[in-house]
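One structure is given here, and the rest of the page talks about it.
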Amino acid sequence: MALLISFLVYHFKHDNKSNFRIPVNGFTILLFGFVSSVALISSHRNYAFKATSTGDIISYLGSAWALLLFIILLVMVLKSTGRVFYNRLLKKYLPNNYLLDISLGLIAFTLALFVLGLFGGIQQNTIIALMFGFSLINLFYLVQSLKRLLFKSIDVSGIGILGIVSFCVLIFYLLLNYLSILAPFPSGFDSRNFYVNISQLVADNHGLVKGYQPYYWSLLMSIGFALFEKIELALGLSFLGIVLSLLAAYRLAIRHLKLEKDIVLFLLCLFTVTPAVTNQMYIELKVDFAMLFFQLVCLDYSLILFKRFYKIVEESSIRDIASQLMPLVILLGLLSSFALGIKMINMFMVFTILVLFWWNSKNIFGTLAVLAFSLLLFLFAGIDEVSGLNKYHLSESTVKWVLFILMIVGFVLSFIKHRKATVIRGYLTAVYIFCCGILVMPWMIKNYSETRSLNPRTLLMGKDPGPGIGLNDIINNFNNKTQ
């Protein structure tokens, strides 16, 4: 691999005599990946626990690349579907972004799986029909996208030796970890007992399973079991979140941070090889990177939103501001809502965006008010009960009242001193919070139908699948026994 990377560096940066240039497109990148995977598997056979024949290597590589190509095809189908939503709803307000297309396609496809799951329809035939239907929605664009993906030249201007080496190492390392996950079961505790287990249960039951917090991405991963009864495909769909996150981070760094391509590729390579990230690439295959992808897309459009907001907030009327920014706010809310449906810990991102809505050095009252509101929402949702230490929060009720008073006073003073900005910020905040709940609401209805409880934590996190006992119950039982 070192020789191959050295050849590529020489070819693109030092070979000025030859008129031939290797085209840089999706096909050649896939070819480089295939050569890398052959080298990896061939070198690994020397360390296998039993003799590995050439037929075993061909079979393994065939299976690995068949799954990889299927995932690529699925992503392109969802991208073509997402483009339909973009053209119909957002084209007038936002520039084109292939990552947004993928995001919208993922949301639509996963919601369709949710509906199928309600009626026990997560089966091979229905999923094949669903994928076929999604591919027909924008078939011409899908075919054109596949052609562009494989054969359209990629702009490599501004990429030097550091960028070439970093990109090659990144592809090699991603393939190394991808090939490592093709196993009978995930090696990580959380992935084996929770995230992938949910996917297996969904496929076995042909529908949604009782309990658990929202699990949109595990629902998507379940098609690996339902379609081909292959855990490798489910793990590959979990791995997809890592690749999408890297693409989103690259776009964010280039478009908003204005970093050089060499530096961005090097930083992404450095990020990928860190132990904490590597752990979630082949051991703990969870849903965190899928959530991160949607967070990065949210961050991308948050920056666009707030740039536009601060540009027009002082000059335009409230009606004009609302009409110009509302599509962005709704989009941001739906993306945040889906990320919450992947993992509820995304609420911290939601709170951050709420603070950014009100951030203004000239209006400290509004900023403090929304901070108090975020903390108050956190307590009322019962998130502090997750640790089981809620009974030791002796001042919880006092803290709630203090936060409530600070919130009311802050919003009132903000309205008095900055009436126009406060009204428009309050309106946009209300719309954003409403949209954040849209894609979480189906799970809350599901959890209520299973538990008949209106407890906020139960509505959000679902019924615990195990015995209904926690730290507080253990302490109470112990105290009762010893009395």
Side-chain angles (χ1 to χ4, degrees), residues 74-75 77-86 88-90 94 97-118 122 130 134 195 198-199 202 208 212-223 237-238 240-245 247-249 251-252 286-302 304-305 327-354 381 431-447 459-462:
L74 175 62
V75 171
V77 168
L78 298 182
K79 177 179 179 292
S80 67
T81 304
R83 176 53 64 92
V84 174
F85 290 104
Y86 170 80
R88 298 285 179 86
L89 303 173
L90 299 170
L94 295 172
N97 179 359
Y98 74 97
L99 293 174
L100 178 60
D101 294 340
I102 295 173
S103 302
L104 296 175
L106 282 167
I107 292 173
F109 186 75
T110 312
L111 286 176
L113 288 177
F114 182 90
V115 175
L116 287 177
L118 290 175
I122 298 183
L130 181 64
F134 268 63
Y195 299 102
I198 292 176
S199 302
V202 169
L208 305 179
Y212 302 104
Q213 61 175 297
Y215 47 86
Y216 275 129
W217 203 261
S218 292
L219 191 59
L220 177 67
M221 291 163 56
S222 69
I223 70 173
L237 290 170
S238 176
L240 173 63
I242 299 167
V243 179
L244 293 177
S245 296
L247 293 173
R251 173 182 169 82
L252 196 65
K286 302 193 287 187
V287 299
D288 298 65
F289 278 103
M291 179 186 68
L292 177 62
F293 166 63
F294 278 90
Q295 287 180 332
L296 290 173
V297 176
C298 282
L299 181 58
D300 187 354
Y301 285 99
S302 295
I304 296 174
L305 169 65
L328 259 174
V329 174
I330 294 174
L331 173 65
L332 196 60
L334 292 177
L335 292 172
S336 300
S337 183
F338 189 76
L340 284 169
I342 295 175
K343 199 167 185 178
M344 289 303 298
I345 199 173
N346 184 62
M347 68 180 63
F348 293 107
M349 176 95 178
V350 173
F351 293 156
T352 302
I353 292 175
L354 288 177
V431 173
Y432 174 72
I433 293 175
F434 174 79
C435 293
C436 280
I438 290 177
L439 299 182
V440 179
M441 188 59 65
W443 295 99
M444 296 177 68
I445 296 173
K446 167 187 171 292
N447 292 332
L459 290 175
L460 291 173
M461 309 300 287

Item checked: Test item: L340 and I345 side chains (from C-beta on) under 4.5 Å apart, heavy atoms -> no
Next item on the list: Calculate, to the nearest 0.5 Å, the distance between atoms CG and CG belonging to L74 and L106 respectively.
Entry: 7.5 Å
Notebook entry, point to check: Is there a donor-acceptor pair under 3.5 Å between the side chain of S238 and the backbone N or O of K286?
Noted result: yes
Note to self: More than 12 heavy atoms of other residues, nucleotides or ligands under 6.0 Å from CZ of F85: yes or no?
What the structure shows: no
Item checked: Note, F338 side chain near V440 side chain (heavy atom, < 4.5 Å) -> no
Next item on the list: For residues N346 and A339, report the shortest heavy-atom separation together with the two atoms involved.
Entry: ND2-CB, 3.3 Å
Next item on the list: Check step by step if side-chain contact (heavy atoms from CB on, under 4.5 Å) holds for Y215 and V202.
Entry: CA-CA 10 Å; Y215 47 86; V202 169; 3.9 Å; yes
Check: What pair of heavy atoms forms the shortest contact from R251 to N97, and how long is it?
Finding: NE-ND2, 3.1 Å
Checklist line | CA sep, side-chain torsions, deciding dist, call: I198, Y195, side-chain contact (heavy atoms from CB on, under 4.5 Å) | finding: CA-CA 5 Å; I198 292 176; Y195 299 102; 5.5 Å; no
Notebook entry, point to check: Quick one: are L104 and V84 in side-chain contact, heavy atoms under 4.5 Å?
Noted result: no
Notebook entry, point to check: Tell me, do V329 and C435 make a side-chain contact under 4.5 Å, heavy atoms counted?
Noted result: no
Checklist line | I433 and V350, any side-chain heavy atoms less than 4.5 Å apart | finding: no
Next item on the list: Provide the closest heavy-atom pair for L332 versus C298 in the form atom of the first, atom of the second, distance.
Entry: CD1-O, 3.3 Å
Next item on the list: Say whether N447 and Y212, considering side chains only, have a donor N or O and an acceptor N or O under 3.5 Å apart.
Entry: no
Notebook entry, point to check: Roughly how far, to the nearest 0.5 Å, is CD of Q295 from CG of L252?
Noted result: 12.0 Å
Next item on the list: For residues M441 and I445, determine if any side-chain heavy atom of one lies less than 4.5 Å from a side-chain heavy atom of the other.
Entry: yes
Checklist line | Minimum side-chain heavy-atom gap W217-S199 below 4.5 Å | finding: no
Item checked: Shortest non-hydrogen separation from I353 to S336 and the atoms involved -> CD1-OG, 4.0 Å
Note to self: Less than 4.5 Å apart, side chain to side chain, heavy atoms only: is that true for S103 and L335?
What the structure shows: yes
Check: Between L237 and L220, which heavy-atom pair has the shortest distance, and what is it?
Finding: CD1-O, 3.5 Å
Next item on the list: Quick one: do F109 and V77 satisfy side-chain contact (heavy atoms from CB on, under 4.5 Å)? Show the steps, please.
Entry: CA-CA 10 Å; F109 186 75; V77 168; over 6 Å; no
Item checked: Reference residue P214; test side-chain contact (heavy atoms from CB on, under 4.5 Å); the match among K343, M344, K446 -> M344
Next item on the list: Supply the atom-to-atom distance I102 CD1 to F293 CZ, rounded to the nearest 0.5 angstrom.
Entry: 5.5 Å
Check: If you look at every heavy atom in M221 and V287, which pair is closest and at what distance?
Finding: SD-CG1, 4.5 Å
Checklist line | Residues L439, L111; criterion side-chain contact (heavy atoms from CB on, under 4.5 Å); working and verdict | finding: CA-CA 9 Å; L439 299 182; L111 286 176; 3.8 Å; yes
Notebook entry, point to check: From I122 CD1 over to S222 OG, what is the distance, rounded to the nearest 0.5 angstrom?
Noted result: 4.5 Å
Next item on the list: Return the orientation label for the W443 and F114 ring planes: parallel under 30°, perpendicular over 60°, tilted otherwise.
Entry: perpendicular
Check: Once you round to the nearest 0.5 Å, how far does CG of L328 lie from OH of Y432?
Finding: 12.5 Å
Note to self: Nearest 0.5 Å, please: how far is CG in L331 from CG in L94?
What the structure shows: 6.5 Å
